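Structure record follows, encoded as structure tokens.
All values derive from a computational prediction rather than experimental measurement.
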Amino acid sequence: ESLIVASNAIEAAAFYVFRDLFELVPVLMRSWWQQTDSVLQNRVETFASRTISPQLIAKELERVQSWKPKPMDDFSLKAASIGEVVASYVKDEVELQMTLKLSPAHPLKPVTVTMSHMKAVAESMWRKWLLSMRSLLMTKDGTVLDAVLLWRDYLDRHFEGVDCCPICYAIFH
């Protein structure tokens with residue numbers, strides 16, 4: 001009986017260690033996961049999807065829902081319980097929208113980003129901004145809220161007429 005109790009304690013400790021690692025250093029965990037063999041990848045993905053990812057997705061959505069816009073802001077955020085975040089940006093008569101969908105195996109698999117109503121900005125600039133947001137999410141331990149606010153910052157500066165770098169399209173003064 002003491003062996004069963006010890007086994008349960010080890011399983012519980014392993015769960016908390018994995019959960020904390022996924023939450024605190026997702027890039028490191030994703031890198032480790034991608035370098036393991038396919039059998040272990042499948043097991044870890046299944047384990048994460050069932051136990052860890054729902055908690056992490058809920059935290060991401062809670063972070064988005066708790067964000068408060070500035071007064072008279074033309075930017076809005078909505079979080080859905082299905083792991084989806086919709087950001088809308090309105091400038092004059094132009095409405096731009098971005099949707100971020102978190103994978104059921106978050107953060108092992110990338111966040112899917114789609115944009116719509118993008119005629120106000122050149123497609124090449126959109127691609128560079130999208131690459132920058134994906135980089136923030138996949139290689140810099142950024143949150144979904146960080147990526148959305150980066151997008152908003154790019155749009156604010158774009159509509160203010162601030163020039164961007166001709167190489168990387170980063171906005172600068």
Legend entry - Within one Ile-Leu-Val-Met-Phe-Trp-Tyr cluster: L130 and M138, side-chain cutoff 4.5 Å: no

Legend entry - Remaining members of hydrophobic cluster (4.5 Å side-chain criterion), I52: F15, Y16, V17, F18, L21, F22, V25, L28, M29, W32, W33, L40, V44, F47, L56, L108

Legend entry - For the student: nearest non-hydrogen atoms of S53 and A105, plus distance: OG-C, 3.4 Å

Inset, instruction - Could you check if a side-chain atom of Q97 sits within less than 4.5 angstrom of a side-chain atom of M115, using non-hydrogen atoms only? - result: no

Inset, instruction - Just jot down the side chain to side chain contact (heavy atoms under 4.5 Å, CB included) partners of S135, sequence neighbours excluded, or say none. - result: T139, K140

Inset, instruction - Please answer: with hydrophobic residues joined when any side-chain heavy atoms are less than 4.5 Å apart, are V148 and W67 in the same cluster? - result: yes

Legend entry - N/O donor-acceptor pair under 3.5 Å between D146 side chain and G142 backbone: no

Legend entry - Test side chain to side chain contact (heavy atoms under 4.5 Å, CB included) applied to S76 - qualifying residues, sequence neighbours left out: S88

Inset, instruction - Using a 4.5 Å cut-off on heavy atoms from C-beta on, say whether the side chain of V85 contacts that of T99. - result: no

Inset, instruction - Indicate yes or no: at least one non-hydrogen side-chain atom of M98 is less than 4.5 angstrom from one of V86. - result: no

Legend entry - Residues W129, M125; criterion side chain to side chain contact (heavy atoms under 4.5 Å, CB included); working and verdict: CA-CA 6 Å; W129 292 352; M125 191 171 293; 3.2 Å; yes

Inset, instruction - Would you mind checking if E45 and K109 are paired as a salt bridge, meaning a charged N to carboxylate O distance below 4.0 Å? - result: yes

Legend entry - Residue list, side-chain hydrogen bond (donor to acceptor under 3.5 Å, both in side chains) with R152, at least two apart or on another chain: D73

Inset, instruction - Could you grab the distance from atom CZ of R50 to atom OG1 of T46, nearest 0.5 Å is fine? - result: 5.5 Å

Inset, instruction - Could you list who else is in V39's hydrophobic cluster, with ILVMFWY side chains joined at under 4.5 Å, directly or through other members? - result: none

Legend entry - Least distance between heavy atoms, L61 atom then A80 atom: CD1-O, 3.0 Å

Inset, instruction - Assess whether side chain to side chain contact (heavy atoms under 4.5 Å, CB included) is satisfied between S132 and L150, documenting all intermediate values. - result: CA-CA 9 Å; S132 177; L150 177 64; 3.6 Å; yes

Legend entry - K101 side chain vs T114 backbone, donor-acceptor pair below 3.5 Å: no

Inset, instruction - Output the distance between atom OH (Y154) and atom CH2 (W126), rounded to the nearest 0.5 Å. - result: 11.5 Å

Legend entry - Gap between atom CG of L137 and atom OG1 of T143 - 0.5 Å precision: 7.5 Å

Inset, instruction - Give the C-alpha distance, both sets of side-chain angles, the deciding distance and a yes or no for side chain to side chain contact (heavy atoms under 4.5 Å, CB included) between L131 and R127. - result: CA-CA 6 Å; L131 181 63; R127 277 185 271 160; over 6 Å; no

Inset, instruction - Report the relative orientation of the aromatic rings in W151 and Y89; use parallel for angles under 30°, tilted for 30 to 60°, perpendicular for over 60°. - result: perpendicular

Inset, instruction - Find out whether L96 and L155 are in side-chain contact, i.e. whether some heavy atom of one side chain is under 4.5 Å from a heavy atom of the other. - result: yes

Inset, instruction - Grab the two heavy atoms, one from E60 and one from L145, that are nearest each other, plus how far apart they are. - result: OE1-N, 4.4 Å

Legend entry - Spacing of I57 atom CD1 and E84 atom CD [to the nearest 0.5 Å]: 11.5 Å

Legend entry - CZ on R63 to CG on L77, rounded to 0.5 Å: 13.0 Å

Legend entry - Interatomic spacing from CG in L149 to CE in M133 - rounded to 0.5 Å: 11.5 Å

Inset, instruction - Give a yes or no on whether E62 atom CD has more than 12 heavy-atom contacts from other residues, nucleotides or ligands under 6.0 Å away. - result: no

Inset, instruction - Using the test side-chain hydrogen bond (donor to acceptor under 3.5 Å, both in side chains), find all partners of K59 that sit at least two apart in sequence or belong to another chain. - result: E23

Inset, instruction - Please report the closest heavy-atom contact between P54 and A48, naming both atoms and the distance. - result: CD-O, 3.8 Å

